[in-house]
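In what follows, a structure is listed as structure tokens, so that the remarks can point back to it.
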Amino acid sequence: MMMEDERMIRRAIEIAEDSKKQGNAPFGALLVKDGVILMEEGNQVHTKNDPTHHAELALIRRFCRETGTRDLGDYTLYTSCEPCVMCAGALVFTGIGRLIYSASNKQMAEKTGGGIMISSKEVFKASPHHPVVKGKVLNEEGIVLFE
């Protein structure tokens, strides 16, 4: 499982790097079920002029709309950075099964000087849904995105 998580996080980091090259913040996400990548998305806040086009939220919107799926309990979301409070809320509403991320929200904020300092774990703790969360996978590679 650890090797699989690392492989998927590596891909999320690649997506984040592509987002950064396009002039967006360096965030990438992918949705996986049974070891298969079903959809990928990068942050496109600037290119789409949409402050809510975070990688995780945009991916969830598109996947649910295109597949008619609203319950993501059997899915894993891999992200280059811990989801913000907005994206974590979306994960609650979809019932995501697992969340795996590289850099933490706190680490990102230390590098960039900002963000809403509420961790995804705090959002999940205050909600009726509690996905499995594993953070800091390939942590150093995730942090480098914000340098």
Side-chain angles (χ1 to χ4, degrees), residues 1-20 22-109 112 114-139 141-143 145-146:
M1 186 65 103
M2 185 59 174
M3 292 291 284
E4 180 76 0
D5 288 345
E6 287 183 3
R7 184 171 73 85
M8 297 300 181
I9 285 294
R10 194 163 277 115
R11 179 64 191 136
I13 289 170
E14 289 171 2
I15 297 165
E17 288 169 340
D18 288 343
S19 290
K20 190 175 184 177
Q22 294 170 21
N24 296 291
F27 298 96
L30 48 119
L31 191 64
V32 174
K33 184 175 181 185
D34 300 325
V36 176
I37 298 172
L38 302 174
M39 193 169 280
E40 302 178 341
E41 188 67 60
N43 179 292
Q44 294 183 44
V45 166
H46 298 297
T47 52
K48 293 202 183 252
N49 198 33
D50 176 356
T52 68
H53 199 103
H54 292 196
E56 304 92 333
L57 186 59
L59 183 151
I60 288 168
R61 283 180 180 154
R62 187 164 52 103
F63 182 80
C64 292
R65 184 176 57 248
E66 291 180 8
T67 65
T69 303
R70 290 185 7 203
D71 179 359
L72 301 181
D74 293 331
Y75 299 77
T76 300
L77 184 73
Y78 289 90
T79 65
S80 58
C81 185
E82 180 181 7
C84 72
V85 66
M86 176 179 70
C87 293
L91 297 179
V92 168
F93 291 118
T94 62
I96 195 77
R98 293 176 71 227
L99 166 65
I100 313 297
Y101 64 84
S102 181
S104 73
N105 192 7
K106 183 178 180 191
Q107 291 171 315
M108 180 271 303
T112 63
I116 299 173
M117 296 312 301
I118 299 172
S119 72
S120 58
K121 286 182 181 180
E122 289 177 77
V123 173
F124 301 146
K125 185 178 177 186
S127 79
H129 179 66
H130 305 268
V132 173
V133 177
K134 183 161 85 175
K136 299 188 177 179
V137 175
L138 299 179
N139 191 236
E141 292 176 42
I143 294 169
L145 290 167
F146 300 102

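Positions are given from 1 along the sequence.
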Least distance between heavy atoms, [X] atom then [Y] atom:
X: Leu77; Y: Ala29; result: CD1-CB, 4.2 Å
X: Ala12; Y: Leu30; result: N-CD2, 3.4 Å
X: Gly28; Y: Ala16; result: N-CB, 3.5 Å
X: Ser102; Y: Leu138; result: OG-O, 2.9 Å
X: Val133; Y: Lys121; result: CG1-CE, 3.7 Å
X: Pro131; Y: Ile96; result: CB-O, 3.2 Å

**Study point:** Heavy-atom donor-acceptor pair, Thr79 side chain to Tyr101 backbone, under 3.5 Å
**Key:** no
Point to revise | His129 (side chain) donor-acceptor with Phe93 (main chain) under 3.5 angstrom | key: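 Such a contact is absent between His129 side chain and Phe93 backbone.
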Review point. To the nearest 0.5 Å, how far apart are NZ in Lys33 and CE in Met39?
Key: 13.5 Å
**Study point:** CD on Glu40 to CG on Leu31, rounded to 0.5 Å
**Key:**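 Answer for the CG-CD pair, Leu31 versus Glu40, is 10.5 Å.
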Could you check whether any side-chain heavy atom of [X] comes within less than 4.5 Å of a side-chain heavy atom of [Y], counting everything from C-beta outward?
X: Val137; Y: Tyr78; answer: no
X: Cys81; Y: Leu145; answer: no
X: Lys136; Y: Gln107; answer: yes
X: Ser119; Y: Lys106; answer: no
X: Arg10; Y: Glu141; answer: yes
X: Phe146; Y: Pro26; answer: yes
X: Thr76; Y: Met8; answer: no

**Study point:** Note: Lys125-Glu122 ion pair, threshold 4.0 Å (strictly below)
**Key:**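 Salt bridge between Lys125 and Glu122, a charged N being under 4.0 Å from a carboxylate O: no.
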Exercise for review: Output yes when Glu17 and Lys20 qualify as a salt bridge under the 4.0 Å nitrogen-oxygen rule, no when they do not.
Suggested key: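 Judged by the 4.0 Å cut-off on N to carboxylate O distance, Glu17 and Lys20 do not form a salt bridge.
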Review point. Tell me, which pairs form a salt bridge (Lys or Arg N to Asp or Glu O under 4.0 Å) where one or both residues lie in residues 54-76, sequence neighbours left out?
Key: Glu41-Arg62
Review point. Out of Asn43, Thr47, Asn49, which residue meets the side-chain contact (heavy atoms from CB on, under 4.5 Å) rule with Val45?
Key: Asn43
Revision key, fill the gap. Checking Leu57, Leu91, Asn105 against Pro83 for side-chain contact (heavy atoms from CB on, under 4.5 Å), the one that qualifies is Leu91
**Study point:** Pairs where residues 35-76 contributes a residue and the test ring pair (Phe, Tyr, Trp, His ring centres under 6.0 Å) is met, not counting sequence neighbours
**Key:**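 Listed by first then second residue: Phe63-Tyr75.
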